[in-house]
Amino acid sequence: MESYSVEEAAHYYRIDCWGVPYYFIHDDGEVRVRPHGIAGSSASLIDILSELRKEDIHFPCIIRFPQILEHRLHELHSSFERSASEFDFNGRVQGVFPVKVNQRRTVISHLSEYGKGYSYGLEVGSKAELALALSMELAPESIVICNGYKDRAYVDMALAATSIGINVFLIAEKSNEIPNLIKFAKDRGIMPNIGIRLKLTAKPGGHWEHSGGEFGKFGLSTSDVLLAFKLLEEADMIHCAKMLHFHVGSQIPHIKRFKAAIREASRIYAKLRKRYESIEYLDIGGGMGIDYIGNRQAVESSVNYTLREYTNDVLYTIGDICEEEDIPEPNVVFENGRAVAAHHSVIVTRVLPFTQIHTEFDLAPKKGEIRVLHDLFEDLERMKPENFMEVLHDAQDYRALLNNAFDLGKLSLDERARGERIFLAISKKAIEIAKSMGEMDEELQTIEKNLADKFVCNFSLFQSLPDMWAFDQLFPICPLNRLNERPTIPATLSDITCDSDGMVDKFIAGDDICDSLFLHVPDERAYYIGAFLTGAYQDVLGDFHNLFGACDEVNVYIHERGEIEVGEVEKGDSLLDVLTIFESSETELTRGFIKKAEEAHSAGKIDKTALEGVKQYFNWYLGQYTYLDL
Ligand SMILES: *Cc1c(COP(=O)(O)O)cnc(C)c1O
């Protein structure tokens, strides 16, 4: 076998960039996880998979590493701490996790537990998220931020939580929410902490460009802010107005966008703080991006800043403006979700086993076969570096002629088959030549993409990587084993839904973003593919295309010497589970089928035993996993 180093693999799949510090390739060609960071212990994902098999976990599955969540929280908080001491920032700095980023109970409860030492809290945007947040055990100083549009029940619940000592902040998204907040609070006789969401003119950039800025969906303009404060003053509730809030958007690619937003918000804070002493918090929202591509550039799916640069810029800018305006620094609240959750989970799937069927095929046309076929074959033979593009274009013409001839009934199936094969050989040869000469242009790239093998993977893009489908967001994809062997087949990945959109054909590979990814020649060994950095948003946006349901999920912990502990398991949906979501009850399903079986029995098509067998089989069938059992 041709030698291939794991360093080459790490560079090609770019795991040496996006994986740092949590994922890397070991000398044995397997991807390992290192949840405590660079200096911590590690374990092979392939070894983890064999442990999971013992627990009856199926593919695709989501493996969560809660210890990565713990490490991310530590990194984020210590970076803020270091920046605060570097710039003598005197306000408190505390975080909240935006529940919408991952509402899985296991994720929220791990974050609440690990976050106690940092007084970490939660941010919610709906009644259901508030219920989840209020059921968590938080440190006494932790805060709960209530965003989103609110009805009476939402506000009343927040007030009830305030009355039992939970630090809830109700954020007004619009000025017309203020009269209701005042009314509900007075009715209950409970004074809430109120925050005002600012509408900034700074634009976020990136995929979610439309979600912020002057015309964004949320927030109060300057005149609305002034009106809100006036209303609170008139209601004798100005002491409740404690926070200014903004959120620029998600996955902000360029640090300058943050700086602009923070500058603008700090200025508003400073000017308001001079008028209203009750305001003591500035909530800067989330938006810190993840370098999914691993190229450190201000492009979509990447970022051009580090965590430290972000925390430095935040605290320096706020501090600087407060000093200039001569007001005390605010307590800063941050709501970064993606930056906390993305790394902790991996979606693992198996490539459907397939063997390449190699048949000898004689490309040379036979005597008496149509003339164009001979011309096409000649093209294959005369193609060389000096003329390959010209010959390729000639061949495309001949191929069109062949198709016409077939439509007119002038081509046999054998001739058509030979034509397909010769044309394929010509295309491959052209790509080969172009690559060796470094002359791959857009046309050739499209051809290469069409030539790529389609590896079918046991998963649904719609359920497991919704942002890839909806926003063309890139996630790092990498085989989990055989990484000490050279991958030789350019491939795209198809999922098992019956939707042609259900495929992955954009990859982070080599020094670029490619339409295909080199994978390994299939053999008898199981071949696993992982989609990484999928812990933010993907879990909750997934849909049930083709009724493929939630995957099996499991928490895995890696101990000091690399021992693998399989923790809590959440089984994915069965056929019955997904059908129930879409309004079929078990009784309806079984009754409908059994009626037909009984009719067949009455008609003498099957005997009594067969009838019982068919009934039992149907029940067993409803309990199956929605994905393929390979
Ligand atoms: C979605 C959201 C966040 C989280 O954004 P990230 O990009 O995941 O950090 C924070 N605050 C608010 C108000 C949000 O809506």
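Order of appearance sets the numbers: ligands from 1, and atoms from 1 within every ligand.
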Do [X] and [Y] get their side chains close enough for a donor-acceptor pair, meaning under 3.5 Å?
X: Gln538; Y: Asp467; result: yes
X: Arg82; Y: Thr311; result: no
X: Thr162; Y: Asn193; result: no

Around [atom], find the nearest protein heavy atom and jot down its residue, atom name and distance.
atom: atom 3 (C) of ligand 1; result: His247 CE1, 3.4 Å
atom: atom 14 (C) of ligand 1; result: Lys100 NZ, 2.8 Å
atom: atom 8 (O) of ligand 1; result: Tyr537 OH, 2.6 Å

Suppose I only count heavy atoms of [X] and a 4.0 Å limit; which atoms of ligand 1 are within that range?
X: Val101; value: 8 (O)
X: Gly286; value: 9 (O), 10 (C)
X: Pro98; value: 3 (C), 4 (C), 10 (C)
X: Ser250; value: 6 (P), 7 (O), 8 (O)
X: Asn147; value: 13 (C)
X: Glu123; value: 12 (C), 13 (C)

More than 12 heavy atoms of other groups within 6.0 Å of Glu137 CD: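 Count not over threshold, so no.
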Enclosure of Arg275 CZ (heavy-atom neighbours >12, cutoff 6.0 Å):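 At most 12 heavy atoms, drawn from other residues, nucleotides or ligands, come within 6.0 Å of this atom.
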Glu335 N/O to ligand 1 N/O under 3.5 Å: yes
Short N or O distance, Gly337 and ligand 1, threshold 3.5 Å exclusive: yes
Ring-ring centroid check Tyr149 Phe218, cutoff 6.0 Å: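 Between Phe218 and Tyr149, which both carry aromatic rings, the centre distance is below 6.0 Å.
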Matching residue for Arg64 among Glu568, His110, Glu553, Glu570 - test: side-chain hydrogen bond (donor to acceptor under 3.5 Å, both in side chains): Glu553
Sub-4.0 Å heavy-atom contact, Gly287 with ligand 1: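 Yes, Gly287 has heavy atoms under 4.0 Å from ligand 1.
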Within reach of ligand 1, part of Arg338 (heavy-atom separation under 4.0 Å): both
Side chain Ser302, main chain Gln297, donor-acceptor under 3.5 Å: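 A pair under 3.5 Å: yes.
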Evaluation steps, salt bridge (charged side-chain N to carboxylate O under 4.0 Å, His left out), between Glu324 and Arg267: CA-CA 10 Å; Glu324 200 188 309; Arg267 195 65 73 179; 3.2 Å; yes
